[in-house]
Amino acid sequence: MAYSMTYQILADHLLTGRLEPGEEIGLRIDQTLTQDATGTMAYLQLEALGIERVKTDLSVSYIDHNTLQGSFENADDHRYLQSVAARYGIYFSRPGNGICHQVHLECFGVPGQTLLGSDSHTPTGGGLGMLAMGAGGLDVAVAMAGHPFYLAAPEVLKVNLVGELPPWVGAKDIILELLRRLSVKGGVGKVLEYGGPGIKELSVPERATITNMGAELGATSSLFPSDEITRSFLKEQGREEQWRPLSPEPGAVYHEEVTVDLSRLEPLIACPHSPDRVKTVAALESLPVDQVAIGSCTNSSYQDLFLVSKILEGKTIHPGVNLVVSPGSRQVLWQLAEAGVLAGLIASGARLLEAACGPCIGMGQAPPSGGVSLRTFNRNFAGRSGTADASIYLCGPATAAATALKGVLTDPRKLGPPPELPPPPQFMDKDRMLIPPLPENKGEILRGPNIKPLPLNEPLPENLSIEVLLKAGDHITTDQILPAGAKVLPLRSNIPAIAEYVFAALDPTFAERAKQSDGGAVVGGENYGQGSSREHAALAPMFLGVKSVLAKSFARIHRANLVNFGILPLVFADPLDYDRLTQGDRLVIKNLPKQLEQDTVIVTNLTAGWQFEVKHQLSRRLIEVVKAGGLLNYNRNH
Ligand code: MIC
Ligand code: SF4
């Protein structure tokens, strides 16, 4: 059978299992990345695994999320991460160096390799022809320790790009069009593989915008071929020798196909509070905007920010708008300076932030009450910006810059012909603020007082008795399960403290009620746990005593995180049973280990006196993991 690019990489890295969609496979992971908000837990877990050095070809630890140092916590975590990296054989990317996904493209990504990252936007690397996937910190730690990464073999959705993009229409509009068509759960269980004549128009950073935001489709990953465009990007980065070609085998088999005619696209925008609520910019024009934020791992390349700078050059930002710009990396910032456009950007009134995630994760720059913020980012979930009642819209950099000038949502096609984009100046920095590990595993690990030991779960009991602590709706995000932002993020290495914020925005009494209960359950609708990879959204509920989540369907990474920490994910056999459950119901699952041997498990609702069926959809291995109370216990037993 002729293989797609995805299946070629899977076959090259297959350690266990059969390459059939839906079957559990174990993959060899070549590279890993972590960032500081998920990294402290990941490295505490790596320490717990008791290895001497990482076993991957390359592992990198980035500092990009928790860069506001309002108190000692974040700085302590950075110091911990730097010391662990040095000792265990991991490269360390210093604070200010940039967003993990952008820096990884520039400095490390290799076509055809596998990359696992403790961040849901790791598929950015697909822009360079890597099979790059997000996962919880524990899965990344296990991969660093040289063990396989397990996942369900994906289906491959071929995305055919045909035609040419009209002026002012860009990569962001392509992925927004796919979100409009496929929705935030349209990619679950799939890898999106891009092809067709239209890809020849797209540079690596543009491809990376598209693969980055494939995360919002719920996709396992997204992948572009590695061609001459990829080669010239690597050449610009001084690493042409790492280029290798990747393309589908002739006659490759795809499970599904969609075609996007680029010539028919126009500037698009995602409306509050979901990345798939997509409309045309033209349809919403004249919407007053309070804030414009340009940056994030989706749209912060040299190309994006050069375009923005040229649009703003010689002009002044509208008095009603606050414009913040965060470059994706130090390299991008340097290139803007070298290309001579930074002065114009500053003169226009843009507030320049450091090269980091910044406002994208609510690390500052919260919009005003009831405000409208237009962002080039990838997520617009309610409250994520730090302002509960703000309305966040997502768009490309051209729309953002045009709007910053006019004060109301503006279609960039009104700006006349688009500026020419010169090639990026060659970055001359040799060490790139990347600290290589120590040659041997020496060096002290430096722990601050905010780093608390990792809590462990207990094995699941024979008979599970749980109280429905919360009944939530469809598309619950991990931001809703456990918020981020400047106040909560510094607690990422302190589970007892961060657990107080579980479901805080949905129900501030949740943490207290969970602690009082003698075993809790959460009930959810479709696509439960979409969004961030943060395993804290499983670890903190586990700490509060949550034993099971019952939902209509789950997002991939969150479901894996639940299992990793011994929380049983169950899917309603009949979605109508969801409607019949109420908060406070007491549920009992008798003979759990025995029942898990079957596909279907019977649950009794003691409060209301009825029974219903759920599916666990777990492989044999995962049943053992969840029974043991999580992966760390399971590993210890094996
Ligand atoms: C996000 O965009 O939500 C984050 C913050 O990058 C997360 C990781 C985290 O919560 O630390 C992600 O996307 O995985
Ligand atoms: Fe950082 Fe935002 Fe990208 Fe997450 S989505 S990695 S917070 S820039």
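Each residue takes its place number in the sequence, starting with 1. For ligands, and for the atoms within them, numbers begin at 1 and follow the listed sequence. Bear in mind that the values here come from a model prediction, so they are computed numbers and not experimental data.
In terms of protein heavy-atom proximity, atom 1 (Fe) of ligand 2 is closest to C357 SG, 2.3 Å. For atom 10 (O) of ligand 1, the nearest protein heavy atom (residue, atom name, distance) is R534 NE, 2.7 Å. Regarding atom 1 (C) of ligand 1, its nearest protein heavy-atom neighbour is R379 NH1, 3.2 Å. Among all non-hydrogen protein atoms, the one lying nearest atom 13 (O) of ligand 1 is S120 OG, 2.5 Å. The protein heavy atom nearest to atom 3 (Fe) of ligand 2 is C297 SG, 2.2 Å. Among protein heavy atoms, the minimum distance from atom 7 (C) of ligand 1 is reached at S532 OG, 3.2 Å. Protein heavy atom in closest approach to atom 4 (Fe) of ligand 2: H65 NE2, 3.8 Å. If you check which protein heavy atom lies closest to atom 8 (C) of ligand 1, you get Q35 NE2, 3.2 Å.
Looking at S71 and E73, their side chains do bring a donor and an acceptor atom within 3.5 Å of each other.
Between L58 and H104, the shortest heavy-atom distance links the atoms CD2-CE1, 4.1 Å. Closest approach of S532 to S120, counting heavy atoms only: CA-OG, 3.9 Å.
Distances below 4.0 Å separate heavy atoms of N378 from the following atoms of ligand 2: 5 (S). Near I361, meaning under 4.0 Å from any of its heavy atoms, are these atoms of ligand 1: 3 (O), 5 (C). Annotation for ligand 2: atoms under 4.0 Å from non-hydrogen atoms of I361 are 7 (S). Residue H101 has at least one heavy-atom neighbour below 4.0 Å for each of these atoms of ligand 2: 6 (S). Heavy-atom contacts of T38 reach the following atoms of ligand 1: 9 (C), 11 (O) (cutoff under 4.0 Å). Every atom of ligand 1 is numbered from 1 in the order shown, and the set under 4.0 Å from a heavy atom of A37 is 11 (O).
Side-chain rings of Y88 and Y43 stay apart, their centers remaining 6.0 Å or farther from each other.
When only interatomic distances are considered, the shortest N/O to N/O separation between S118 and ligand 1 does not fall below 3.5 Å. Geometrically, ligand 1 and D479 share no nitrogen or oxygen pair separated by less than 3.5 Å.
In terms of modelled atom types and a separation under 3.5 Å, the side chain of Q45 and the main chain of M41 share a donor-acceptor contact. Side-chain N or O atoms of T56 include none that pairs as donor or acceptor with a backbone N or O of Q31 at under 3.5 Å.
To the nearest 0.5 Å, atom CD of residue E106 and atom CD of residue E236 are 10.5 Å apart.
When non-hydrogen atoms are compared, ligand 1 lies under 4.0 Å from the backbone of D119 as well as from its side chain. Contact annotation: for N212 versus ligand 2, there are no heavy atoms closer than 4.0 Å. Residue-level proximity to ligand 2 for D119 is carried by the side chain, the only part with a heavy atom below 4.0 angstrom. When non-hydrogen atoms are compared, ligand 2 lies under 4.0 Å from neither the backbone nor the side chain of R379.
K172 pairs in a side chain to side chain donor-acceptor pair (under 3.5 Å) with only one of the listed residues (N299, T298, T209, N212), which is N299. Across S385, S296, C360, a single residue satisfies side-chain contact (heavy atoms from CB on, under 4.5 Å) together with R375, and that is S385.
In the candidate list H65, R384, M41, R384 is nearest to atom 2 (O) of ligand 1, counting heavy atoms.
In summary, no N, O or S atom of C360 is located under 2.8 Å from atom 1 (Fe) of ligand 2.
With a 4.5 Å cut-off on side-chain heavy atoms, L333 and L352 count as touching. Between C297 and N378 there is a side-chain heavy-atom pair separated by less than 4.5 Å. At a threshold of 4.5 Å between non-hydrogen side-chain atoms, the residues P569 and V549 do not count as touching. Contact annotation: the side chain of Q237 never approaches that of L105 to less than 4.5 Å [non-hydrogen atoms, C-beta and beyond].
One finds no salt bridge joining K185 and D276 here, because no Lys/Arg side-chain nitrogen approaches an Asp/Glu carboxylate oxygen to under 4.0 Å.
Taking 4.0 Å as the cut-off, R492 counts as a neighbour of ligand 1 on heavy-atom distance.
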